[in-house]
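In what follows, a single structure is set out as structure tokens and then discussed.
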Amino acid sequence: MLKVEDINLTDIEFWNGPRERRHEAFKALRREPGLIRFEEPEVPLVPRGPGYYALTRHADVVEASRRPQDFCSGQGAISIPDMPGDLHEFFGSMINMDDPRHAKIRRIVSRAFSPRMIQRFEDQVEAVAAQIVERVAAGEGTGDFVHDVAVRLPLKIICDLMGIGEEHYDTVVNATNVILAGHDEEFLPTGNPEEVPLALFAAGQTLKELVEDLGRRRREDPTDDLTSALVTANIDGESLTDQELGSFFILLVVAGNETTRNAIAHGLDLFTRHPEQRAALLEDFEGRVAGAVEEIVRYVSPVIWMRRTATRDTELNGIPVREGDKLVLYYASANRDETVFQNPDAFDILREDVKEHIGFGGPGPHFCLGAHLARREITVMFRELFRRFPDIRATGEPERLRSSFINGIKRLPYTV
């Protein structure tokens, strides 16, 4: 049995090791009555902080999520070390904010997602998924499922809705890959660690400038795209600034692209490894696809964790927490909690407890704004794929992203 003292969640090699050992480690941590503290990772140009506590139990992650007044996001949600200046808002937008500012941004953004805009989302998803499948059927694929299918759907949906032309697609993908690279040397500069923050900032700046320029043009000459809706939305005299628009776009393209992209890629890998689950889905696709999508997100947990910081001395399910303590909410562990999910390590699209998963975040103000769109994209993509290619499957092991934050697949060989 794995001992708690042998577990180091900060070590990137822990995340590059066998997935079975990772989940064995989380199981051991969930059995501990208290919270286990870990050293913070070393980040170039950032002072090393005091450490963090790992929340691995479902109940603890849910409780911390629904108490934003006690466990805040404004000191950093997507980085364990405290990032300097406003970098955490630059990359995280609403994810790294607390009320009242978080409520203001979310209120403006939500108003832009009108019923008419949501209907456009849904219609667009079906059209784009059909186009992607037609390209594969015509032999225009590369043999890499991520490139041919998984990355194309969310990227095109987001860019088309924002009004960003196809000539910018590669720029958006490349910048997104850098921002979410984790420790993957394929996307980050090697040799000099101090170049990494500069590369991250440059990638974010590229996305920010792209949408800020578009936003200025849409204020002068609005169209029916999402950028126009965002820059013209006015709630009680408040609207998005250029800075807020740019940061929101980074969030939208990074979170909206990566979560859906990885869920689709992992989905094909899982249906290849578990042919009985593929058979169960195809037996009644429309009746079972909703549960299948939730199970993919639960089982995979595309976003592995988010951070919170205690705003005062308090308790979390009876465990004392001190003001300033950093808490890392491990969705990847909570989604395998045996006190919530029956046989949690099994991939089962018919499981009855799947609705308890928190793959889109826990309850509270930071629940994923794009969860509905993500579910729609995953559903439609697999409907089109299995309708046209019922025998589509992965033909080799996925090439995984070297990251502790995103459970990503970089490449996945496949055949139809």
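Below, all heavy atoms of this structure are taken into account, side chains as well, without hydrogens, waters or symmetry copies.
Taking the ring centre of Phe382 as origin, the terminal cationic atom of Arg387 falls outside the region bounded by 6.0 Å and 45° from the ring axis. Figure legend: Arg336 and Phe26 shown without cation-pi pairing, the cationic atom not lying both under 6.0 angstrom from the six-membered ring centre and within 45 degrees of its axis.
Using a 4.0 Å cut-off between charged nitrogen and carboxylate oxygen, Arg375 and Glu294 count as a salt-bridge pair. Taking a cutoff of 4.0 Å between a charged side-chain nitrogen and a carboxylate oxygen, Glu185 and Arg402 do not qualify as a salt bridge. Comment: Lys27 does not engage Glu24 in a salt bridge, judged by the lack of any side-chain N to carboxylate O separation of less than 4.0 angstrom. Ion pairing between Arg67 and Glu63 holds under the 4.0 Å rule for side-chain N and carboxylate O. Using a 4.0 Å cut-off between charged side-chain N and carboxylate O, Asp82 and Arg307 make a salt bridge. Between Arg31 and Glu338 no salt bridge is recorded (no basic side-chain N to carboxylate O distance below 4.0 Å). By the 4.0 Å N-to-carboxylate-O rule, Glu220 lies too far from Arg217 to be salt-bridged with it.
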Trace of the salt bridge (Lys or Arg N to Asp or Glu O under 4.0 Å) decision for Arg216 with Asp242
CA-CA 8 Å; Arg216 285 188 286 269; Asp242 282 352; 3.5 Å; yes
Apply the test side-chain contact (heavy atoms from CB on, under 4.5 Å) to residues Glu134 and Glu140: give CA-CA distance (whole Å), side-chain angles for both, the deciding distance (0.1 Å), then the verdict.
CA-CA 9 Å; Glu134 285 302 319; Glu140 298 178 24; over 6 Å; no
Would Arg101 and Glu244 satisfy salt bridge (Lys or Arg N to Asp or Glu O under 4.0 Å), going step by step from the backbone distance to the final call?
CA-CA 11 Å; Arg101 189 159 178 232; Glu244 290 166 343; 3.5 Å; yes
Go through Ser65 and Ile358 one step at a time and tell me if the side-chain contact (heavy atoms from CB on, under 4.5 Å) criterion holds.
CA-CA 10 Å; Ser65 299; Ile358 47 178; over 6 Å; no
So Arg48 and Glu40, salt bridge (Lys or Arg N to Asp or Glu O under 4.0 Å) or not? Walk me through it.
CA-CA 7 Å; Arg48 198 168 191 180; Glu40 294 189 25; over 6 Å; no
Using side-chain contact (heavy atoms from CB on, under 4.5 Å), reason through Arg278 and Ile392 one step at a time and then give a plain yes or no.
CA-CA 10 Å; Arg278 176 206 297 264; Ile392 186 173; 4.2 Å; yes
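With rounding to the nearest 0.5 Å, the separation of CH2 in Trp15 from CD1 in Ile406 is 11.5 Å. In this structure, the separation between CG on Asp325 and OG1 on Thr309 is 9.0 Å, given to the nearest 0.5 Å. In this structure, the separation between CD1 on Ile409 and CD on Glu397 is 10.0 Å, given to the nearest 0.5 Å. Expressed to the nearest 0.5 Å, how far CZ of Arg152 lies from CD1 of Ile132 amounts to 6.5 Å. Atom CG of Asp60 sits about 9.5 Å away from atom CG of Leu327, to the nearest 0.5 Å.
No side-chain donor-acceptor contact under 3.5 Å links Asp144 and Thr142.
Heavy atoms from other residues, nucleotides or ligands lying under 6.0 Å from CG of Asp123 number more than 12. When the shell of 6.0 Å around CZ of Arg21 is examined, it contains 12 or fewer heavy atoms from other residues, nucleotides or ligands. More than 12 heavy atoms of other shown residues, nucleotides or ligands fall within 6.0 angstrom of atom CZ in Arg400. Residue-environment remark: CD (Glu32) exceeds the threshold of 12 foreign heavy atoms within 6.0 Å.
Between Tyr414 and the options Asp148, Thr395, Asp269, a side-chain hydrogen bond (donor to acceptor under 3.5 Å, both in side chains) holds for only Asp148.
Aromatic ring orientation, Phe347 versus Phe271: perpendicular (interplanar angle above 60°, classes split at 30° and 60°).
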